[in-house]
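Note on naming: letters A, B, ... go to the chains in the order of the sequence lines (proteins, then strands), and numbering restarts at 1 for each one. As the structure is a prediction and not an experimental result, all values here were calculated from the model.
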Amino acid sequence: MYTEKVMDHFSNPRNVGEIENANGVGEVGNASCGDIMKIFLKVEDNIIKDVKFKTFGCGAAIATSSMVTELAIGKTLEEALVLTNQAVAEALDGLPPAKMHCSNLAADALHEAIKDYQAKNS
Amino acid sequence: MKQIYLDNNATTTVKPEVLEAMLPYFREQFGNPSSVHWAGRMVSGAIEKAREQVAQLLNCSSAEVVFVSCGSEGDNFAIKGTAEALRHKGNHIITTTVEHPAVLETCEYLEKNGFEVTYLPVDKDGMLDLADLEAAISDQTILISVMWANNETGNLFPINEIGEIARRHKVRFHTDAVQAIGKVPVDVQAAKVDLLVLSGHKIGAPKGVGALYLRRGTRMTRFMHGGHQERNRRAGTHNVPGIVGLGVACELARLNQEKDYAYVRRLRDKLEQGILSTVPDVKLNGHPNPDLRLPNTLNVSFNFIEGESLLLFFDMKGIAASSGSACTSGSLEPSHVMKAMGVDIVLAHSSVRFSFSADNTEEEVDYILAELPPIVQRLREMSPLYQR
Amino acid sequence: MKQIYLDNNATTTVKPEVLEAMLPYFREQFGNPSSVHWAGRMVSGAIEKAREQVAQLLNCSSAEVVFVSCGSEGDNFAIKGTAEALRHKGNHIITTTVEHPAVLETCEYLEKNGFEVTYLPVDKDGMLDLADLEAAISDQTILISVMWANNETGNLFPINEIGEIARRHKVRFHTDAVQAIGKVPVDVQAAKVDLLVLSGHKIGAPKGVGALYLRRGTRMTRFMHGGHQERNRRAGTHNVPGIVGLGVACELARLNQEKDYAYVRRLRDKLEQGILSTVPDVKLNGHPNPDLRLPNTLNVSFNFIEGESLLLFFDMKGIAASSGSACTSGSLEPSHVMKAMGVDIVLAHSSVRFSFSADNTEEEVDYILAELPPIVQRLREMSPLYQR
Ligand SMILES: Cc1ncc(COP(=O)(O)O)c(C=O)c1O
Ligand SMILES: Cc1ncc(COP(=O)(O)O)c(C=O)c1O
Ligand code: FES
Ligand code: FES
């Protein structure tokens, strides 16, 4: 059902955890649909220096969270803001159709975290 | 890699004796039992023998057994066949909120076609209130459909008492006994049921065969129209090997169920107590009294963790279980059974069902009890809901 | 004792390659394809492979194939599912007087539920008049259901032309292709059918499995309510070994049907010519042009003799065939197909069907041609209708 990349990111998720004094935090989803994703950012000079995540959700939810952290690290905020859920799914070699809508929210969580950072720093 | 199969409520492996009995019916004795020639005669006796084996397990007469293709067909037939046959008498059906979709979706379909359905609630332990049931009966009520045992929690419903009530009010009573067969004694006379459904693949027979017990004199509209098979009650060429296999599986169930009950019960209780005593923040789903559940079923919620991800981690250790999480089924809602029991939404998403068969071993339980806590811990550490 | 099986339109033996492909799915790969763990994953690929094999035979996309439990279920689903889904558009169905009971009895059931059904007559050769068909279409017509090939006579209906007419009038078209599959080429695109039914046990797959081709975008009400299997189109745990077997049988049919056609056609023609030239007072039932019949089917009436007694004498010689006699089926009426063709009542009772498979041999035909005349003669001498 899941691609090898999904299983890899699910079983060895990258960047799990919280950042002590994150300067941006974003959360999406809710328990009723089974997915909650939380992204923590460390931004310096408009560049994402560190990202961590915590996720309650299925295999796809955890894998997309892990993948989005890998994709975001080192990017400028502008670059990160154009990262889409679709791009995250593609980086994982695709997701099962049933999971595309429900679990593919990681880029949204990242964008929320960036907006949080921007709100605090403007 | 170890393979520990603890999903026997989903499906079972075919028993060796069952497969052996079936094999001659694919190529050597392949006839159509409706044919008059040697090829047909060879197999018609086999069908009748299997019918007798099913009847013995249920304590009914073989003429009351109709072979169908699966549990879902049995439920569709029982409910739609009753609804149409008794429509002139009334349009009200009583069932529960925790039935299998084969019953629930059939009832919802009938609601779109002029029937009224009462879905009885369950309490936090997943049990019915018989006073509710009796109060729901009106002069329009034509059918009560209550499952014998719930597939997710293993809860056993008070079928004999419901049979009493139904009989007293002269209302027809159907029970989906797909999960009960072979796990607990099932006697259609004692239970006073009029219609009962079972499915082969839950008891060591193959997928693609089931049976409907149809009490003598129960008027039904056909569900499968066509040829005159099964005394005009169900059309379609008989699935001869499947039916032979179902017969043998029922005979094995009759001979072994007492012994198997004690065996799987011991394994299940050990896993249950082990999990409840070693893993924090878990909740048992279903009736706390293990006597009121199937001996083979354990359903627990591992708080803060979504069920599918738990199953996938279990799977990496070779452990096959199932979950009430929405995400495993591709639907958006978590288990309707958990919802009906009022289980908190996160706990509903984090429920896992372990279901045993007599093929499981105590070593397997030990292995799970060793592997499970670190997996739970690891996933909890990823969860935004978990605070140490 | 010799065993010569000439009743392949009733059922076939499972092909060795089919059984071999199925065997691992009873005990080793026994999982439920809906499960997420190893046991489920092992088999879900097998289901999709089989779906592809069915799709290739029919020239459709695999997403358009729905697995069911038999041909009868396929016909019930196709017709009832259309009737309910399109009821708002109209209540008229067109079919023929010579359909299988799975179609006829389903239509009769719908007649009791507010539908109107036109049963098109056939001529003495068992053929339809396409002008009749077109004339029967009204603005209430929601479905045309015409079989691809008749099970009793082997007659082939002009499916491509009917597809044209249906498409032109924007009426949905269903064909029961249970007898055509594996015997003649079946292409759902060329034929412009919207729904097509096939059954495993007529093509060397086991009993208890079939498939419905459901053209993309065809709105249907479910027939089997329950779980979300088959993309919500048909509930019930998949019959994994049966589906795997059906897939292999379809692949074998695709690879071999041209060769098999020529082979069984030669045997059938030899038997046909042999009987017609050596036995007096016989009548061929079905179209006199053998190109307009299935290559494997021969239906002849042996005047003055009741079919069942012929079959029983054949059976004593090891020859398995079937008859359109009322007495073999337990009903009182002789074959509705013979009746629809206007066959005289005595001839209808005396009809016998021989149906070949590629397992039959020329020696078997020689044997029958030797054994048959004295049997016929003997029974005729018992008959009060026979005057030498
Ligand atoms: C033309 C036709 N349609 C439908 C069926 C029913 O198929 P099944 O026996 O698989 O239900 C048959 C065979 O009995 C048949 O010959
Ligand atoms: C309680 C219950 N009823 C009905 C069914 C349906 O049976 P089947 O899968 O044979 O259609 C199942 C199993 O899935 C079940 O657990
Ligand atoms: S958490 Fe529900 S589909 Fe992923
Ligand atoms: S001739 Fe005996 S039943 Fe008809």
Side-chain angles (χ1 to χ4, degrees), chain B residues 3 5 7 10-14 16 19 26-27 30-32 34-40 69-73 75-76 100-102 105-106 108-109 199 201 206-209 222 224-228 235-242 308 311-312 314-315 318-322 328-331, chain C residues 3 5 7 10-14 16 19 26-27 30-32 34-40 69-73 75-76 100-102 105-106 108-109 199 201 206-209 222 224-228 235-242 308 311-312 314-315 318-322 328-331:
Chain B
Q3 289 193 331
Y5 187 72
D7 202 7
T11 196
T12 61
T13 186
V14 174
L19 181 57
F26 289 108
R27 291 190 34 77
F30 66 89
N32 188 324
S34 306
S35 302
V36 298
H37 47 63
W38 53 266
S69 69
C70 61
S72 299
E73 184 189 332
D75 286 330
N76 273 263
H100 188 270
E105 305 229 341
T106 299
E108 285 159 19
Y109 162 79
S199 177
H201 71 100
K207 298 169 177 65
V209 67
R222 288 221 273 181
M224 201 77 84
H225 287 84
H228 300 300
T237 301
H238 288 93
N239 173 357
V240 181
E308 189 198 279
L311 290 191
L312 291 172
F314 285 174
D315 186 50
I319 303 165
S322 76
T328 49
S329 63
S331 75
Chain C
Q3 290 192 332
Y5 187 72
D7 201 8
T11 197
T12 61
T13 186
V14 174
L19 181 56
F26 289 108
R27 290 190 35 77
F30 65 90
N32 188 326
S34 307
S35 303
V36 298
H37 47 61
W38 53 265
S69 70
C70 60
S72 300
E73 183 188 332
D75 286 331
N76 274 261
H100 188 270
E105 305 228 342
T106 299
E108 286 159 19
Y109 161 79
S199 178
H201 71 99
K207 297 168 178 64
V209 66
R222 286 222 273 181
M224 201 77 85
H225 286 86
H228 300 301
T237 300
H238 288 94
N239 173 358
V240 181
E308 190 196 271
L311 290 192
L312 292 172
F314 286 173
D315 186 48
I319 303 165
S322 76
T328 49
S329 63
S331 75

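Most heavy-atom pairs under 4.5 Å with chain B: of the set C/A10, C/G236, C/P16, C/S199, this distinction falls to C/P16. In terms of non-hydrogen atom pairs under 4.5 Å with chain B, the most contact-rich of C/D7, C/T13, C/N239 is C/T13. Among C/K207, C/R222, C/H225, the residue making the largest number of heavy-atom pairs under 4.5 Å with chain B is C/H225. Taking chain B as the reference chain and counting heavy-atom pairs below 4.5 Å, the highest number among C/T106, C/D75, C/I319, C/V209 is found for C/T106. Here B/S72 is the residue among B/C70, B/G71, B/S72 with the most heavy-atom pairs under 4.5 Å with chain C. Of the listed residues B/S322, B/G227, B/G318, B/G242, the one with more heavy-atom pairs under 4.5 angstrom with chain C than any other is B/G318. Between chain B and the options C/V240, C/N76, C/T11, the largest number of non-hydrogen pairs under 4.5 Å is found for C/N76.
Distance check, rounded to the nearest 0.5 Å: CG of C/L311 to NE2 of B/H37 gives 7.5 Å.
Only the side chain of C/S35 comes within less than 4.5 Å of a heavy atom of chain B; its backbone N, CA, C and O stay farther away. Heavy-atom distances place both the backbone and the side chain of C/A320 under 4.5 Å from chain B. Contact annotation for C/E108: neither backbone nor side-chain heavy atoms come within less than 4.5 Å of a heavy atom of chain B. Within the 4.5 angstrom heavy-atom criterion, atoms from both the backbone and the side chain of C/N32 approach chain B. Proximity to chain C is limited to the side chain of B/A39, based on heavy atoms less than 4.5 angstrom apart. Only the backbone of B/T12 comes within contact range of chain C, with heavy atoms under 4.5 Å apart.
Looking at C/W38, its side chain never comes within 3.5 Å of a backbone N or O of B/D315 through a donor-acceptor pair. In this structure, B/R27 contributes its side chain and C/V14 its backbone to a donor-acceptor pair below 3.5 Å.
Annotation: side chain to side chain donor-acceptor pair (under 3.5 Å) contacts of C/H100 (sequence neighbours excluded): none. With sequence neighbours excluded, the residues forming a side chain to side chain donor-acceptor pair (under 3.5 Å) with C/T237 are B/H201, listed by chain and number.
In this structure, B/E73 and C/M224 have side chains that are in contact, with non-hydrogen atoms separated by less than 4.5 Å.
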(message) Between B/H228 and C/E105, does the side chain to side chain contact (heavy atoms under 4.5 Å, CB included) criterion hold? Intermediate values first, please.
(response) CA-CA 10 Å; B/H228 300 300; C/E105 305 228 342; 4.1 Å; yes

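Relative orientation of the C/F26 and B/F26 rings is tilted, given thresholds of 30° and 60° on the angle between their planes.
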